[in-house]
Amino acid sequence: MIRGMKAPSFMDLALKAAENAGKSGEVPIGCVVVRNCEVVATAANRTLTDHDPTAHAEIIALREAAAKIGSERLVDCDLYVTLEPCTMCAGAISFARVRRLYYGAADPKGGAVESGVRFFASPTCHHAPDVYSGVGESEAARLLREFFRERR
């Protein structure tokens with residue numbers, strides 16, 4: 001675990017994970033789970049690598065954090081992710097009872113936090129974390145733009 005980092009540094013770790021994912025051909029999205037100012041999990045998208053449509057950075061990081069903590073409830077954890085979570089990931093964040101969500105770039109097409117279905121505002125949502133958008137937004141958006149530009 002990495003101890004004592006400041007909040008912007010946690011997003012820097014997520015951005016680095018995203019950059020590495022992009023270099024390996026995955027969509028460049030990275031995620032970090034933090035508890036008591038300690039990194040407990042870092043992940044990047046692995047849908048192609050794992051042949052798994054659910055292998056989003058958030059899902060992988062939540063699974064790793066839950067295993068390390070020994071609980072499916074991550075009530076005292078914060079999640080940093082480079083792109084606005086999709087509906088699946090927002091649901092997992094809610095079920096894990098994540099305390100705070102920090103994300104970089106908005107995703108008007110696939111996002112489900114402040115775009116699309118706005119999952120946390122749904123009356124059927126059991127838990128909504130505090131949400132902070134735009135953290136590391138320009139760098140996250142740049143990684144995604146460059147990744148998709150190279151593929152078109």
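- The two residues Asp52 and Arg63 make their nearest non-hydrogen contact at OD2-NH1, 4.5 Å.
- With Ser24 contributing its side chain and Ala21 its backbone, the two residues share a donor-acceptor pair below 3.5 Å.
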Step by step, work out the side-chain contact (heavy atoms from CB on, under 4.5 Å) result for Cys89 and Val81.
-> CA-CA 11 Å; Cys89 293; Val81 64; over 6 Å; no
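- A pairwise comparison of heavy atoms in His56 and Thr47 identifies CD2-CG2, 3.8 Å as the closest pair.
- A donor-acceptor pair under 3.5 Å links the side-chain atoms of Thr82 to the main chain of Gly30, judged by distance alone.
- The CZ atom of Arg99 sits 14.5 Å away from the CD1 atom of Ile93 when rounded to the nearest 0.5 Å.
- In this structure, Ala61 and Ala43 approach most closely via the heavy-atom pair N-CB, 3.7 Å.
- Applying the side-chain contact (heavy atoms from CB on, under 4.5 Å) criterion to Val75, with sequence neighbours excluded, gives Arg73, Arg97.
- Side-chain atoms of Glu84 and Ser133 form no donor-acceptor pair, as typed in the model, at a separation below 3.5 Å.
- For the residue pair Val98 and His127, the shortest heavy atom distance occurs at O-NE2, 2.7 Å.
- Partner of Val32 under the side-chain contact (heavy atoms from CB on, under 4.5 Å) criterion, out of Leu79, Val40, Val39: Val39 alone.
- A distance of 6.5 Å separates CD1 of Ile59 from OG1 of Thr54, quoted to the nearest 0.5 Å.
- Smallest separation of non-hydrogen atoms from Glu58 and Ile29: OE1-CG2, 4.5 Å.
- Between Glu64 and Val33 there is no side-chain heavy-atom pair separated by less than 4.5 Å.
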Evaluate the criterion side-chain contact (heavy atoms from CB on, under 4.5 Å) for residue pair Tyr80 and Leu13; output intermediate values, then yes/no.
-> CA-CA 9 Å; Tyr80 294 78; Leu13 289 175; over 6 Å; no
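- One finds the CZ atom of Phe119 at 6.0 Å from the OG1 atom of Thr124 (value rounded to the nearest 0.5 Å).
- Distance alone, capped at 3.5 Å, places no donor-acceptor pair between the Glu72 side chain and the Ala66 backbone.
- Taken from OG in Ser138 to CZ in Arg145, the straight-line distance is 8.5 Å, to the nearest 0.5 Å.
- The hydrophobic cluster containing Leu74 also contains Val131, counting ILVMFWY residues as joined when their side-chain heavy atoms lie under 4.5 angstrom apart, directly or transitively.
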Step by step, would you call Glu139 with Arg142 a salt bridge (Lys or Arg N to Asp or Glu O under 4.0 Å)?
-> CA-CA 5 Å; Glu139 180 65 10; Arg142 181 191 64 76; 2.4 Å; yes
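- For the pair Val113 and Pro85, the minimum side-chain heavy-atom distance is below 4.5 Å.
- Closest approach of Ala41 to Ala65, counting heavy atoms only: CB-N, 3.8 Å.
- Within the model, atoms CZ of Arg100 and CG of Asp130 stand 6.5 Å from one another, a figure rounded to the nearest 0.5 Å.
- Grouping the Ile, Leu, Val, Met, Phe, Trp and Tyr side chains by contacts below 4.5 angstrom, directly or via other members, places Tyr103 with Leu144.
- Linking ILVMFWY side-chain heavy atoms closer than 4.5 Å, directly or via other members, places Leu83 and Phe148 in a single hydrophobic cluster.
- With hydrogens and angles ignored, the 3.5 Å screen pairs a side-chain donor or acceptor of Asn45 with a backbone N or O of Ala57.
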Please step through side-chain contact (heavy atoms from CB on, under 4.5 Å) for the pair Phe10 and Val135, ending with a clear verdict.
-> CA-CA 10 Å; Phe10 296 130; Val135 180; over 6 Å; no
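- Rounding to the nearest 0.5 Å gives a distance of 8.5 Å between CG of Leu101 and SG of Cys31.
- Under the ring-ring contact (aromatic ring centres under 6.0 Å, His included) criterion, Tyr132 pairs with Tyr102, not counting sequence neighbours.
- With salt bridges taken as basic N to acidic carboxylate O contacts below 4.0 Å, none links Arg35 and Glu38.
- Cluster membership check: Leu15 does not share its hydrophobic cluster with Ile60, using side-chain heavy-atom separations under 4.5 Å among Ile, Leu, Val, Met, Phe, Trp and Tyr.
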